[in-house]
There are 2 protein chains.
Amino acid sequence: MQRYFIKPEQKTGVHITITGDDASHIARVMRMAPGDKVVCSDNSGMSMVCELIDVTPQQAECKVLETYEDRSSLPVSVCIAQGLPKGDKLDMIVQKGTELGASSFFPFSSSRAIVKWDEKKGAKKIERLGKIAKEAAEQAHRSVVPAVHSPGSFQDLLNMAEQYTIKIAAYEESAKSSEHSLFAAALSNASPGDSILCAVGPEGGLSEREAAALESHGFLLCGLGPRILRTETASLYMLSAISYHFELMG
Amino acid sequence: MQRYFIKPEQKTGVHITITGDDASHIARVMRMAPGDKVVCSDNSGMSMVCELIDVTPQQAECKVLETYEDRSSLPVSVCIAQGLPKGDKLDMIVQKGTELGASSFFPFSSSRAIVKWDEKKGAKKIERLGKIAKEAAEQAHRSVVPAVHSPGSFQDLLNMAEQYTIKIAAYEESAKSSEHSLFAAALSNASPGDSILCAVGPEGGLSEREAAALESHGFLLCGLGPRILRTETASLYMLSAISYHFELMG
């Protein structure tokens, strides 16, 4: 069933009004008609099976038939702190990371980042990333859209750390020194409900100084196996491994 | 250290001749000079640290200083059988799948595939995918380039199955029915040296009939957690989980 995220003001009692792009999608792309069903999620973790009552490309009216709780979230909340990557890699990380269950994304600048965040274009870019996250969440049948935060500094990343139960940084030097078990050990010590902050450097990696600063703020410097992963692959690896550990190994 | 794959004929004793794009890369992109070091891999699992003796954009000569065995392969060999996806997703699957340790890729056509393989353009496309795999293997510090096979039919996929110790198919219906432990159970039963065939349907998924045929050929139909993954994400999830299971959990 097709899924749409709604804002609280779109819902009055058992009645939901869908507008904008989503209404157009229902009418024009899905060609749905009264009687057809959709799932609406209010981004609080509740999803509702709804029946369409009236459909125009501008507005779709529907009524709630059934409400159910979120079954699609990772048992741990994961924030992906991503060193600003080149090109459109951030789009891909947000799209795939949303499918893989991330709770939020925090892009950060660091000493070896090639990309500088353009403050002028920044707001628009964050808006676009939010849209990518929303669409990926709908597609993945998630009932919560992960938050995409505006980029911060490396110091901001350090300051965030204390809010998280577990802090992990992917560090190539750890991979080279054959340190391959710290990440798995960290997940083994985690419990459902814990929050995990996963930091990944940009293309150029984290500097030794940054790695030391992360370590002193409680981050574990972890290798992710013997192959050197691209920055965008490292994020997705960590999320896949977290899902495998908590959702599949059970 | 920068890595390059060489063919057997490029090596004579301790002397290696690098030509073509790689020579140009050494001279023009990396701006290396005699005395600088590179790693050459012969795609048999052996890697060699080499010192450059002579560098031109057409040809680089180097001598082998040290030879070491492959430390970058997954302990199990994994073939990704991928239902033909739309657009340039196959490029992405081959690139990221190579980083994540796949041994080979086998694209296959199936009933719900939207894409038809163009036999005329096919050979060129396979050549390009082979190049993507080679570059990704160099970047990931792998000493073997995974094979990219020409696409086959669904029947070819079924025929391949008996060559593999473990056969897994990602199946959305299994995910919906909350079957989340079969994949982890299959990996727990695998041993280093085993071969794993991972099948993923195209965007439209596998039909019920195809799922039944796979099952009768020894495939386990597995869910990959409670979120619905895009076809290209499913391949990368399986490889990440296999790496996590065998390389990080130890």
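Lettering follows sequence order; numbering is per chain, from 1.
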_Most contacts with chain B, counted as non-hydrogen pairs under 4.5 angstrom, among R230(A), H245(A), R71(A)_ =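 Among R230(A), H245(A), R71(A), the one with the most close pairs to chain B is R230(A).
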Between [X] and chain B, which part of the residue has a heavy atom less than 4.5 Å away: side chain, backbone, both or neither?
{"X": "L239(A)", "value": "neither"}
{"X": "S73(A)", "value": "backbone"}
{"X": "M238(A)", "value": "neither"}
{"X": "T98(A)", "value": "backbone"}
{"X": "A137(A)", "value": "neither"}

Mind checking the [atom1]-[atom2] spacing from [X] to [Y]? Nearest 0.5 Å is all I need.
{"X": "S243(A)", "Y": "L229(B)", "atom1": "OG", "atom2": "CG", "answer": "7.5 Å"}
{"X": "L187(A)", "Y": "L248(B)", "atom1": "CG", "atom2": "CG", "answer": "9.0 Å"}
{"X": "E138(B)", "Y": "I228(A)", "atom1": "CD", "atom2": "CD1", "answer": "14.0 Å"}
{"X": "L224(B)", "Y": "E247(A)", "atom1": "CG", "atom2": "CD", "answer": "10.5 Å"}
{"X": "Y244(B)", "Y": "M249(A)", "atom1": "OH", "atom2": "CE", "answer": "6.0 Å"}

Okay, L100(B) and chain A: the region with an atom under 4.5 Å from a heavy atom over there is both
Applying a strict 4.5 Å limit to non-hydrogen atoms, the region of A136(B) in contact with chain A is both
Using the salt bridge (Lys or Arg N to Asp or Glu O under 4.0 Å) rule, take R227(A) and E99(B) through it: C-alpha gap first, then chi angles, then the decisive distance, then the call. CA-CA 7 Å; R227(A) 291 167 301 284; E99(B) 286 175 61; over 6 Å; no
CA sep, side-chain torsions, deciding dist, call: K96(A), K96(B), side chain to side chain contact (heavy atoms under 4.5 Å, CB included): CA-CA 12 Å; K96(A) 302 278 163 259; K96(B) 302 277 164 259; over 6 Å; no
Heavy-atom pairs under 4.5 Å with chain A: which of Q95(B), R142(B), Q139(B) has the most?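 Top count of heavy-atom pairs under 4.5 Å with chain A: Q139(B).
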Under 3.5 Å, side chain of Y237(A) to main-chain N/O of A241(B), donor-acceptor pair present?
no
